[in-house]
Structure formats: structure tokens, C-alpha cells
**Student:** 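What follows is a single structure, and I will ask about it in a moment.
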Amino acid sequence: MNREEINKQINEAVIAMAQDTQNIENYHKLAELYLQIEDYDRVMSVLESLLTIKPDDIEALVGMGTMWFYEKDFRKSLSYYNRALEINPKNFLIYYNMGNVFAEWKNFPKALFYYNRAIDLNSTNPEIYNALALLYQDNEDYVEAKAYYEKALSLDPENITALVDMGNVCFKLFDYETALELYKKVFVLNPDNKIVAICLGNTLTLMREREKAYNYFEKALTMEGDNYKAYLCYAIALSEFGEYDMAVAMYEKASGLYPQEIDAQTLLANLYTNFNQLDLAMDLYKSCLRIKPNSAETYMLLGNAHYLKGEIEQSIGSYKSSINISPENDEYRLIYTQVLDEYIDKKRNGEPV
């Protein structure tokens, strides 16, 4: 249905609603039509009007909860879901949506509780298993996440979300062959999927399949959409295969796309550091800090470069800046302490520093 047809139906639904203000089906129909054209303010307005007539309308309560969820007002979202749950405690969709709210709040136990309750009420819905898998994935329990993705795919073998996410989990588990197989399935179903083309390139890089990896990166660069990530991943692959000049050029292309993003400059600086081109590396790290002055990681990398160059006092200064920004990072604090102790010992022994 095209936009003109939807607008015609909207006008008809508005007239019908005005003629019979107590007919709740007119409200549901109008809200659904506004949802199709992504006019969320009007969706909420219609649902609010419906709830003044029928405060216990489950569909309207869940709809309002979902609208507030999309607005990232999770407290309001939860309030509507709780009202719906009081009316119908056997509706799996309410539990599923409440699980989503607690997942957004990073409250793993409560999200897990509500997702499991949704499964108790509807054990054949693949989206619930997807959500559970993603919950475990976010909690870095990749083995458990994989098991739930497998369950989702047993119910819906062509579920692109599950295929991609399970591929990502297998990648994290260093099971590159399974990840490759899953990404390829997605690419068959959706050959214009730029992200999956990049994932295929990344996986083949780690499997040391140089030409195949390059082929997918080249495909990704021809597809519609932002090329920043494609340039970065391609550059990393080029570095892995020893084509450093081409990697530098690729990082520079990425940086040219988004001069205010520091990832490309940081990765290029890391490459220069690896080849002991420390002045070039430090210039880039300093450039990154001008863009993002509160990056603890960049201060740490700059400190490493100073240390490798023998500039111990400057390295200590950079490390200190890093832990001032991120005092909870034990790794940063350990490096700072070790270098500082080494510096103090040398000073005491009269050694040059």
C-alpha cells in the first residue's frame, strides 16, 4: 500500500472515529495506519484517546509502552506494561516487552526473569530466544548466547537477525568456520547487506584467506551506505597481510570521511607505533586528543609511544592523564605504577632516564 492509499484510509478512519467515538476498532485502525507512516506522535495521541474511553484496552496499553520504549523513556514504558500485566497476566508479549526494558537498563536478572516468563507462555516464538541470546551476548556469556540463537534458528531458519548475531558470537568464540557459514547464509538471503559483507571479510582475514577477504571488502565498498567501517576493516586486513602502504591509504580514506572520528587515526597511529615511526604516531595521538580530549585509551597509547622513544617523564605524564580520566581501570593503573617505579629506581641509582 503506497502513501496515497494510506492517507486515504487515514482520512476515512478519522471520519469514522468522529462519527462513532465509542467504536474502539476505529482507534486501533487509525493508530496502525499512523504507525505505517511512522507518525509516532499521532499514534500516541490516538492511543491516549482510546485509553480515556477504554482504560483496560490491552493493545493500547502495550502500544503506548512500546512508543515510550522507542522514545527511550523506559520508566513510562514500564508503567504502561505494568498496567497491561494487571489486566492480563497471561500475555507473553507483555513479559517480552518488559524484558526488553530491563535489558536496556542492563538489569540482567530481571530481564532474564521476564524473557523466561514469556517463553513459559509462548515457547515457539523465535524473537524471545533471540532476545535471550542477545542478553547473554551483552553479558559476554557467548556459549549460552549461542545455544539460544540455535533455538531461535530451529524455529525460524532464515531469521537474518539470529544468523548474523550467532555469527558474531561464533566469531567471539574463535569458531571462524561456523561464523563464515552463518554469514554466507545471510549473504545468500540478503546480498546487499553491507555489514555482513564486512563480517565475511573480517572472518576470512582471520582464516588467512587473503583474496576472498579482499573480495568481500571490495563488495562492501560498492554497496549503498557509509563506508567508514568498511575502510577500517579493510585497512586492518591489509595490515594483517603485510600490505602496509595500502593500509595507510585506507585509514586515510576513512579519516577523510569523518575527520572528527578518532578510530581511523588511532589505528593508523598504532600501525606507525608497530613500525617504530613514533613521531608520526605521536602526532596522530595528539590530534586524536584535540578531537576527544577525554580519551583515556589515547593517553595510554601516547604514553606507550613516549616510553618506546625513551621519553619516560612524558610517558608518565600521559599515563597519569589516562588514569585521571579512568581511575577504575586496573590495567592502566598497573602500567602507570610499573613505569613510575622503574623511573624512581633509576633516579635513585643515578641512571639516565
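What's counted below: heavy atoms across the whole structure, side chains too, no hydrogens, waters or symmetry copies.
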**Student:** Will you find, in the side chains of Asn168 and Tyr183, an N or O donor that is under 3.5 Å from an N or O acceptor?
**Tutor:** yes
**Student:** Under a 3.5 Å threshold, yes or no: a donor from one side chain and an acceptor from the other, between Asn304 and Tyr319?
**Tutor:** yes
**Student:** Looking only at the aromatic ring of each residue, does the gap between the centers of Tyr251 and Tyr231 stay below 6.0 angstrom?
**Tutor:** no
**Student:** Are Tyr234 and Glu218 close enough that a side-chain donor and a side-chain acceptor fall under 3.5 Å?
**Tutor:**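 There is such a pair (donor and acceptor under 3.5 Å, judged by atom type) between the side chains of Tyr234 and Glu218.
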**Student:** Between the side chains of Asp56 and Arg83, is the shortest nitrogen-to-carboxylate-oxygen separation below 4.0 Å, so that they form an ion pair?
**Tutor:**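 Salt bridge: no.
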**Student:** So, does Tyr95 use its side chain to make a donor-acceptor pair with the main chain of Pro89 at under 3.5 Å?
**Tutor:** yes
**Student:** Under 30°, 30 to 60°, or over 60°: which ring-plane class applies to Trp105 and Phe74, parallel, tilted or perpendicular?
**Tutor:** perpendicular
**Student:** Spell out, as yes or no, whether a donor-acceptor pair under 3.5 Å connects the side chain of Ser255 to the backbone of Glu252.
**Tutor:**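 No: the side chain of Ser255 does not pair with the backbone of Glu252.
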**Student:** Relative to each other, are the rings of Tyr129 and Tyr148 parallel, tilted or perpendicular (30° and 60° limits)?
**Tutor:** parallel
**Student:** Is there a donor-acceptor pair under 3.5 Å between the side chain of Thr21 and the backbone N or O of Met17?
**Tutor:** no
**Student:** Just checking, Lys110 and Phe113: is the charged tip under 6.0 Å from the six-membered ring centre and within 45° of the axis?
**Tutor:** no
**Student:** Run Ser315 and Glu313 through side chain to side chain donor-acceptor pair (under 3.5 Å) and show every step you take.
**Tutor:** CA-CA 5 Å; Ser315 73; Glu313 290 183 357; over 6 Å; no
**Student:** If the threshold is 4.0 Å, N to carboxylate O, is there a salt bridge linking Arg210 and Glu243?
**Tutor:** yes
**Student:** Go through Tyr34 and Ser45 one step at a time and tell me if the side chain to side chain donor-acceptor pair (under 3.5 Å) criterion holds.
**Tutor:** CA-CA 10 Å; Tyr34 281 135; Ser45 176; over 6 Å; no
**Student:** When you group the ILVMFWY residues by side-chain heavy-atom contacts below 4.5 Å and let the links chain together, are Tyr114 and Ile58 in the same group?
**Tutor:**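 Result: yes, single cluster for both.
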**Student:** Between Glu240 and Arg208, is there a salt bridge with N-O shorter than 4.0 Å?
**Tutor:** yes
**Student:** Does the side chain of Tyr216 come within less than 4.5 Å of Leu221's, by heavy atoms?
**Tutor:**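 No; the side chains remain at least 4.5 Å from each other.
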**Student:** Same cluster or not: are Phe69 and Leu51 linked, directly or through other Ile, Leu, Val, Met, Phe, Trp or Tyr residues, by side-chain heavy atoms under 4.5 angstrom apart?
**Tutor:** yes
**Student:** Got a salt bridge between Glu342 and Lys346, using NZ or NE/NH1/NH2 to carboxylate O under 4.0 Å?
**Tutor:**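 Looking at Lys346 together with Glu342, the answer is yes, because their closest N to O distance falls below 4.0 Å.
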